[in-house]
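Notes follow the structure.
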Amino acid sequence: HGFWQMVRTPDLACEVTLQPIRRFGVDAAILFCDILVVLDAMGVDVRFAPGGPVIEPRVDSREVLRKLREPSEKDFDYVGGAVRKLRAELKGETALIGFAGGPFTLAAYLVQGGPSKSVFALKALGHKDFGLYHEILSRLSATVASLLRLQIEAGADAVQIFDTWSLHLGPDDYARFALPYTKSIVEAVRPLNVPVISYVRNAAGLLEIAAEAGCDVLAVDGSIRLEDADRRLPAGISLQGNLDPAVLTAPSEVIRERVQNLCGAVKNRGHILNVGTGLEPTVPVEGVAALVNAAKELGR
């Protein structure tokens with residue numbers, strides 16, 4: 001099946017989500033979907049090419065922005081359908097996490113026309129025409145909030161906001177260009193009373209300010225030791241992360257040692273053991289199994 005076909009067909013999305021649960025018995029399922037469904041719902045053409053997604057048209061003017069659709073919840077019916085099917089399949093025995101892209105990351109794809117090594121065009125837009133930048137980010141934030149509410153109402157136990165391209169922001173620019181929009185999403189879904197996880201790259205540089213979004217859990221990459229994150233964060237925020245996926249190519253005893261170190265790293269708050277970035281396709285299945293087995297044993 002093609003990627004978009006799997007995303008848009010609840011039966012297929014459900015099956016893809018359940019396969020790692022059946023195989024590894026992890027504690028939570030994460031919905032099979034993609035952050036770019038938001039752009040698709042706005043009427044943007046999203047194609048998955050060998051070098052990464054291709055977005056057309058690039059939104060670099062008010063004229064282009066105002067031609068985009070205002071999505072409704074109906075545009076995400078297939079997402080809600082997948083969540084409801086999963087809720088029934090999981091029977092309350094395994095948690096289900098829904099997710100969406102962070103507004104800054106989605107704007108990076110929208111303005112750049114695809115993945116970028118520096119998101120220079122987006123940052124430049126924020127500096128030279130903040131009015132247009134704000135209009136783009138505000139529209140994205142409203143749509144993301146609607147998508148997350150839909151997932152929660154369909155049965156998600158928690159939701160996660162992925163702001164991968166925050167990697168390219170320092171603290172001051174993050175405070176202006178990303179934080180207010182992520183915070184607005186957290187505030188919009190807060191009345192539904194499910195935990196909100198926020199994932200940021202460059203966690204070492206952004207930790208305290210990213211926490212100001214009001215999330216329940218901050219998922220961090222490998223730019224910071226968990227011990228340091230634990231020390232720097234205010235009380236009441238749990239941590240998620242942050243094993244380097246490259247470790248999963250190592251022998252099982254090395255993986256176990258790394259997991260053991262992570263299990264004892266967080267003293268003062270909750271900790272969800274996880275990788276710090278997504279898995280490369282070359283990561284061996286045996287490495288994932290070793291991670292899960294070590295976590296189940298040592299996490300007790």
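- The hydrophobic cluster containing Val26 also contains Leu279, counting ILVMFWY residues as joined when their side-chain heavy atoms lie under 4.5 angstrom apart, directly or transitively.
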Review point. For Val285 and Arg23, what are the C-alpha separation, side-chain angles and deciding distance, and is it a side chain to side chain contact (heavy atoms under 4.5 Å, CB included)?
Key: CA-CA 10 Å; Val285 173; Arg23 181 150 191 172; 3.4 Å; yes
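- Counting only residues at least two apart or on different chains, the salt bridge (Lys or Arg N to Asp or Glu O under 4.0 Å) pairs with a member in residues 38-55 are Arg8-Asp40, Asp45-Arg47, Arg47-Glu56.
- The hydrophobic cluster containing Val59 does not contain Phe120, counting ILVMFWY residues as joined when their side-chain heavy atoms lie under 4.5 angstrom apart, directly or transitively.
- A salt bridge links Asp129 with Arg62: the closest approach of a Lys/Arg side-chain nitrogen to an acidic carboxylate oxygen falls below 4.0 angstrom.
- Using a distance-only test at 3.5 Å, with no hydrogens or angles considered, no donor-acceptor pair links the side chain of Thr143 to the main chain of Val38.
- Note on Val54 and Val44: separate hydrophobic clusters, where clusters join Ile, Leu, Val, Met, Phe, Trp and Tyr whose side-chain heavy atoms are under 4.5 Å apart, directly or indirectly.
- A donor-acceptor distance shorter than 3.5 angstrom exists from the side chain of Asn202 to the backbone of Leu169, with no hydrogens or angles considered.
- Atoms NE2 and SG, on His271 and Cys263 in that order, are 7.5 Å from each other to the nearest 0.5 Å.
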Exercise for review: Starting from the C-alpha separation in whole Å, work towards a yes-or-no answer on side chain to side chain contact (heavy atoms under 4.5 Å, CB included) for Phe104 and Tyr174.
Suggested key: CA-CA 9 Å; Phe104 181 81; Tyr174 183 87; over 6 Å; no
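- Residues Gln151 and Val79 meet the side-chain proximity criterion, which asks for heavy atoms closer than 4.5 Å.
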Check your understanding: Between Leu179 and Leu206, is a side chain to side chain contact (heavy atoms under 4.5 Å, CB included) present by the stated rule, with each step listed?
Key -> CA-CA 10 Å; Leu179 176 63; Leu206 302 176; over 6 Å; no
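- The aromatic rings of His127 and Phe177 stand perpendicular to each other, their planes meeting at an angle above 60°, with 30° marking the opposite boundary.
- By the rule that hydrophobic residues join a cluster once side-chain heavy atoms approach within less than 4.5 Å of another member, Leu167 and Ile209 end up as members of separate clusters.
- To the nearest 0.5 Å, the span separating CG on Leu65 from OH on Tyr133 amounts to 13.5 Å.
- No side-chain donor-acceptor contact under 3.5 Å links Tyr199 to the backbone of Asp221.
- Residue Val254 is not grouped with residue Val288 when hydrophobic side chains (ILVMFWY) are merged at heavy-atom distances under 4.5 angstrom, including chains of intermediate members.
- Side-chain atoms of Thr9 do not come within 3.5 Å of backbone N or O of Asp11 as any donor-acceptor pair.
- Lys183 places a side-chain heavy atom less than 4.5 Å from the side chain of Glu187.
- In this structure, Arg269 contributes its side chain and Pro234 its backbone to a donor-acceptor pair below 3.5 Å.
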Practice item. Kindly determine whether Arg190 and Asp216 satisfy salt bridge (Lys or Arg N to Asp or Glu O under 4.0 Å), including the steps that lead there. Key: CA-CA 10 Å; Arg190 178 64 66 208; Asp216 301 284; 2.9 Å; yes
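- Put simply, the side chain of Asp75 gets close to the backbone of Ser72: a donor and an acceptor are under 3.5 Å apart.
- In plain terms, the two heavy atoms of Val247 and Arg258 that are nearest each other are CG2-NH1, 3.4 Å.
- Here the shortest heavy-atom pairing between Asp163 and Ala178 reads OD2-CB, 4.1 Å.
- Under 4.0 Å is where a charged nitrogen must lie from a carboxylate oxygen, and between Glu208 and Arg232 at least one such pair does.
- Between Ser198 and Thr182 the shortest heavy-atom distance is OG-CG2, 4.3 Å.
- At most 12 non-hydrogen atoms from other residues, nucleotides or ligands lie less than 6.0 angstrom from CD of Glu280.
- For the atom pair CG (Leu262) and CD1 (Ile272), the distance works out to 13.5 Å, reported to the nearest 0.5 Å.
- The side-chain heavy atoms of Pro245 and Thr277, taken from C-beta on, include a pair separated by under 4.5 Å.
- Proximity of a side-chain donor or acceptor of Ser238 to a complementary backbone N or O of Val217 within less than 3.5 Å is not detected.
- Annotation: ring-ring contact (aromatic ring centres under 6.0 Å, His included) contacts of Phe48 (sequence neighbours excluded): Phe3, Trp4.
- Nearest heavy-atom pair, Ala107 versus Leu137, reported as atom, atom and distance to 0.1 Å: CB-CD2, 3.6 Å.
- The shortest distance between side-chain heavy atoms of His168 and Asp173 does not fall below 4.5 Å.
- By the 4.0 Å N-to-carboxylate-O rule, Lys296 lies too far from Asp27 to be salt-bridged with it.
- Contact annotation: the side chain of Thr249 never approaches that of Thr282 to less than 4.5 Å [non-hydrogen atoms, C-beta and beyond].
- Between the side chain of Ser223 and the backbone N or O of Ala204 there is at least one donor-acceptor pair closer than 3.5 Å.
- Phe99 and Phe162 have perpendicular rings, their planes meeting at more than 60° on a 0 to 90° scale where under 30° would count as parallel.
- Scanning all heavy atoms of the two residues, the minimum distance from Arg149 to Leu192 falls at CG-CD1, 3.7 Å.
- You'll find the side chain of Leu243 reaches within 4.5 Å of the side chain of Leu248, heavy atoms only.
- With a 4.5 Å cut-off on side-chain heavy atoms, Leu90 and Leu18 count as touching.
- Rounding to the nearest 0.5 Å places CG of Leu86 at 4.5 Å from OG1 of Thr17.
- Ring geometry, Tyr78 versus Phe76: the interplanar angle falls from 30° to 60°, so the pair is classed tilted.
- Side-chain N or O atoms of Ser138 include none that pairs as donor or acceptor with a backbone N or O of Glu135 at under 3.5 Å.
- Taken from CG in Leu298 to CG in Leu273, the straight-line distance is 9.0 Å, to the nearest 0.5 Å.
- Put simply, the side chain of Val189 does not reach to within 4.5 Å of the side chain of Val194, judged on heavy atoms.
- Under a 3.5 Å cut-off, the side chain of Asp157 and the backbone N or O of Ala95 do not form any donor-acceptor pair.
- Using a 4.0 Å cut-off between charged side-chain N and carboxylate O, Arg139 and Glu70 make a salt bridge.
- Under a 4.0 Å N-O distance rule, the pair Arg22/Glu15 qualifies as a salt bridge.
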Practice item. Tell me, with the steps shown, if Leu36 and Ile55 meet side chain to side chain contact (heavy atoms under 4.5 Å, CB included). Key: CA-CA 9 Å; Leu36 297 181; Ile55 312 298; 4.2 Å; yes
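- Here the OG-CD distance, from Ser252 to Glu257, works out to 12.0 Å after rounding to the nearest 0.5 Å.
- Closest approach of Cys215 and Ile237 over heavy atoms only: O-CG1, 4.0 Å.
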